[in-house]
Amino acid sequence: MDYNFKEIEARWQTFWKQSKTFEVGIDHSKPKFYVLDMFPYPSGAGLHVGHPLGYIASDIYSWYKRLNGFNVLHPMGYDAFGLPAEQYAIQTGQHPAVTTDKNIRRYREQLDLLGFSYDWSREVRTCDPHYYRWTQWVFMQLFRYWYNNETQKAEPVTQLEERFSHIGTNGLDAACSELLNFSSAEWNAFTHKKQQEILLNYRLAYLAETQVNWCPALGTVLANDEVKEGFSVRGGHPVEQRKMKQWLLRVSAYAERLLSGLDSIDWTESLKEMQRNWIGRSEGANLLFAVDGSDVTIEVFTTRADTIYGATFMVLAPESELVKPLTAPGYEKEVENYILDSRKRTERERIADVKRVTGVFTGSYAINPFTKEKISVWVADYVLAGYGTGAIMAVPAHDSRDFRFARHFNLPIIQVVLQPDQQPSDPSTWEDSFDAKEGTLINSSFLNGLTVPDAIAKTKLEIEQQGLGNIQVNYRLRDAIFSRQRYWGEPFPVYYKDGLPYLIDDAALPLELPEVDAFLPTEKGEPPLARAQNWQTKDGYPLETSTMPGFAGSSAYYLRYMDPNNSQALVSKEANEYWQDVDLYIGGTEHAVGHLIYSRFWNKFLYDIGVVCRDEPFRKLINQGMIQGRSNFVYRMKESNTFVSSGLKDQYDTIPLHVDVNIVSHDILDIEAFRNWNPEYRNAEFILENGHYVCGWAIEKMSKSMFNVVNPDIIVEKYGADTLRLYEMFLGPVEQSKPWDTNGIDGVHKFLKKLWRLFFGQEEVLTLIDENPTLEENKVLHRTIKKITDDIERFSFNTAISSFMICVNELTDLKCRKRAILEPLLVMIAPFAPHLSEELWRCAGHQQSISNSTWPTLDPQYLMDDTIEYPVSFNGKMRFKLSLASDLDHQEIEKALLHNELTNKYLQGNTIKKVVIVPKRIINVVF
RNA sequence: GCCCAGGUGGCGGAAUUGGUAGACGCGCUGGACUUAAAAUCCAGUGGCCAUUUACGGCCGUACCGGUUCGAUCCCGGUCCCGGGCACCA
């Protein structure tokens, strides 16, 4: 019987669905295992072969765990709010809910074709009110809590109010926007409105003024990737930075815990490193600079207080509140113009563009608190308002940006750190700054001769003693801006009274997204929700018109899968305590700092308030690589409709054009299909080589515009889902990016056919032999068990498939048809090729699904070898192999070696200096 | 610019702890089967040199240098490509 994948795959997909094979529930008799994929955003383009890569890997692992006796939670859903659907809605007028639903259905169809073992009864969609009521609910809790630095945990704002009414801010150590001081008497005397304003200063969800990319022509706020060089991508209108009142989440309160939590989880070091950099903890000092002839003080944060004697000027961020008071008469115009100019640049452009040096002098002078020298105060956009205090002391000799600035504006440069083994030199001869992390201090009064670390410590001490500032731990991690001036997102459960925000009743959740007449901002530039009729509470108070950002819905979805239909809670205690946390999380690196920081924050907060039992949500994390496209090219002769085959193209004047990879096979163009592809090519002529038109190729991003998109549907149609699953894994390590090339797929397809033949031979009915296996057969099986188990454990699926190929080749050579060998092999292949395995399992006489069977046990006796083939090297070069009994000791090996005549040949009369013997590995003769 | 990852045959990749570089597969070449094709099977396949009996020799993991008996792997530097950089998700 032939391998008929179409029939087999349809049969088992139906079977799994009907018998709910992969639906799971709480089962205390089994250990739990939670395997999660980062849920997709259902885009209109559907899935291409790159998307399922991680899903296949996680599906294999889920099967593997299931076969090893675990109760495996393996769900899937959709991250369904987002800009593309809204953009499409603006263009076509179609409601985003409609297009999103359509896209989800398409995604589901494509996912179903691949035979994943998801428990679809747990599906979630972030845009579903039953789901987003819990996103809104978490937001409400964030509003109701503040962060106590003393207990390192979130606590109810009601308790904070109580505290204020008893002792005021006395002894309070809270995460807040602004440090406040008041007594209980003052608190009690404040109006209700004033009290609410103050509480907002502490809430974990709070309102604040932030910078946004404002496009006046479109009347809306733009995302960073909608802005290019100061203009909107859509329409090319000018974009400026504007302050706007927005919701923020006080993520920074959790900075220390987000940092230390990394030590307890099994993520790659590189990913942890990215998060550490994102959190950006730095120890330093806040230092106060007086201003000459003014009572304004400039506060700077510096990690390099030791270089204070080299601080020769100061720089304020253009957004700094100090700019205005420090602009001296006569300088207003210039400063004003500079600030207007800098508003045209996005933050990213300001950080990345180090070559362009811009800035303006304020006309003011600060006093260096140590040298007492007057130093000029400047405004420049390389200083960012969001980090530290929005002002810096510039040490041009030892910071490259400060150096370039000083050079450009002719400001003094003083060397204060001397590199080890060097003499002081005149900074005016320098080409660049010396960004000194080590060395000794010079030109620095009481610090002279100290090493950098010692000088830092001594300066800090001095700062504290003299009251010039304070020691401070600073984080680069910023509070997350949580408002979007968009339609297609979660509405805030918030209304305004007297200009202050209040939460709506819990009972009013979910607050559903209202209908609007257009998905655009209003004429006044308000967000789309301002268009909704009656967007207000029952009492007539206006509701918030912003919506939540994309990461809101994805921050706790892994919890909702544990208990997706619970209408009383985000997740029940029982479900959370059973499923606990995600054991394995697979997704792309593009989420390394965004989603993966926010959801850790979100989870820690829920942990603090007792909703979840685990402090960290994702125990182990694997980043899948991207699948790139492999584009094909045809070469058209200029000003003609003649195409030249790749090998001959240099003999003509040609331009390369992308051609659809789906009409090219092994780089040979299907000329007929090409002519039909585009009317323009109907009458195309070709210059062939060896009777073929050979295309050129290149590795590029997989995208429609490159005509290199390959859909899983086409592959499944032609080769079947099992082949696609296998091939995606065979392509290379999951974590690595690699190009998709359909040409190689024959190899794994042939392998599956060969596997099929191993069971069926030429017969119509499958008959396995119940004889005892030979030693050789057992060796093949157990070597494979060892290899496959190891490979799956370390997520090396590509090498696992190679091992299967080797195993099947060997068993085919041995003509093995024995049940005791082939059945364990089948169980191991089931995670990779589930349809084919179920079919053969059934044909072998089993009534139950193969998913109910057990992973084979390794018998180490079959791994032993009596002899070892030692590679013998001379001075590190492998020369010949020596077969020796495996139980020989060091001396016996050396003896055997010296008796071998080849040894003398390669010694060429030299005397042996040393023989290195690594047991069971290698022999190296040194002469 | 900063942070992270990667660079091995014609191609995807393997080498798990510093120990035989190129497993496995694609492609290519030759052969078997066939009227023919498909399918299947067998052999060869990093480069250069040698090949007149046969054993071969040299080079080679982006580039330069170092550590080591031994380096694709560790260290220092350079180049190239990909991802992220806070409103794409």
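Because the structure is a prediction, the values reported are computed rather than measured. Reckoned from all heavy atoms, side chains included, excluding hydrogens, waters and symmetry mates. Residue numbering restarts at 1 for every chain, and letters A, B, ... go by the order of the sequence lines.
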Review point. Between atom CD1 in A:Ile917 and atom P in B:rU20, what is the gap in whole Å?
Key: 16 Å

Check your understanding: Any chance the rings of A:Phe874 and A:Tyr906 have centres within less than 6.0 Å?
Key -> yes

Check your understanding: Under 3.5 Å, is there a donor-acceptor pair between the A:His237 and A:Ser232 side chains?
Key -> no

**Study point:** Residue A:Pro84, side-chain atoms from C-beta onward, closest of B:rG13, B:rA86, B:rC88
**Key:** B:rC88

Review point. When you check the phosphate oxygens OP1 and OP2 of B:rC24, does a side-chain N or O of A:Asn798 lie under 4.0 Å from one of them?
Key: no

Revision key, fill the gap. Regarding B:rG9, purine or pyrimidine glycosidic angle vs 90° from 0 gives syn

Point to revise | Base B:rU20 to side chain A:Lys877, donor-acceptor N/O within 3.5 Å cut-off | key: no

Check your understanding: Could you give the CZ-to-P distance, from A:Phe751 to B:rC41, as a whole number of Å?
Key -> 13 Å

Review point. With ring centroids as reference points, do A:Phe760 and A:Tyr3 lie under 6.0 angstrom apart?
Key: no

Point to revise | Assigned partner base of B:rG70, Watson-Crick or wobble definition, under 3.5 Å | key: none

Review point. Does A:Lys738 place a side-chain N or O at less than 4.0 Å from the phosphate oxygens OP1/OP2 of B:rC11?
Key: no

**Study point:** Distance, rounded to the nearest Å, where A:Trp247 contributes CH2 and B:rA86 contributes C1'
**Key:** 20 Å

Practice item. May I ask you to check whether A:Trp740 and A:Tyr727 place their ring centers less than 6.0 Å from one another? Key: yes

Review point. Is B:rU78 paired to anything, Watson-Crick or G-U wobble with both distances less than 3.5 Å, and if yes, which nucleotide?
Key: B:rA62

**Study point:** Mate of B:rG30 where both pairing distances stay under 3.5 Å, Watson-Crick or G-U
**Key:** B:rC42

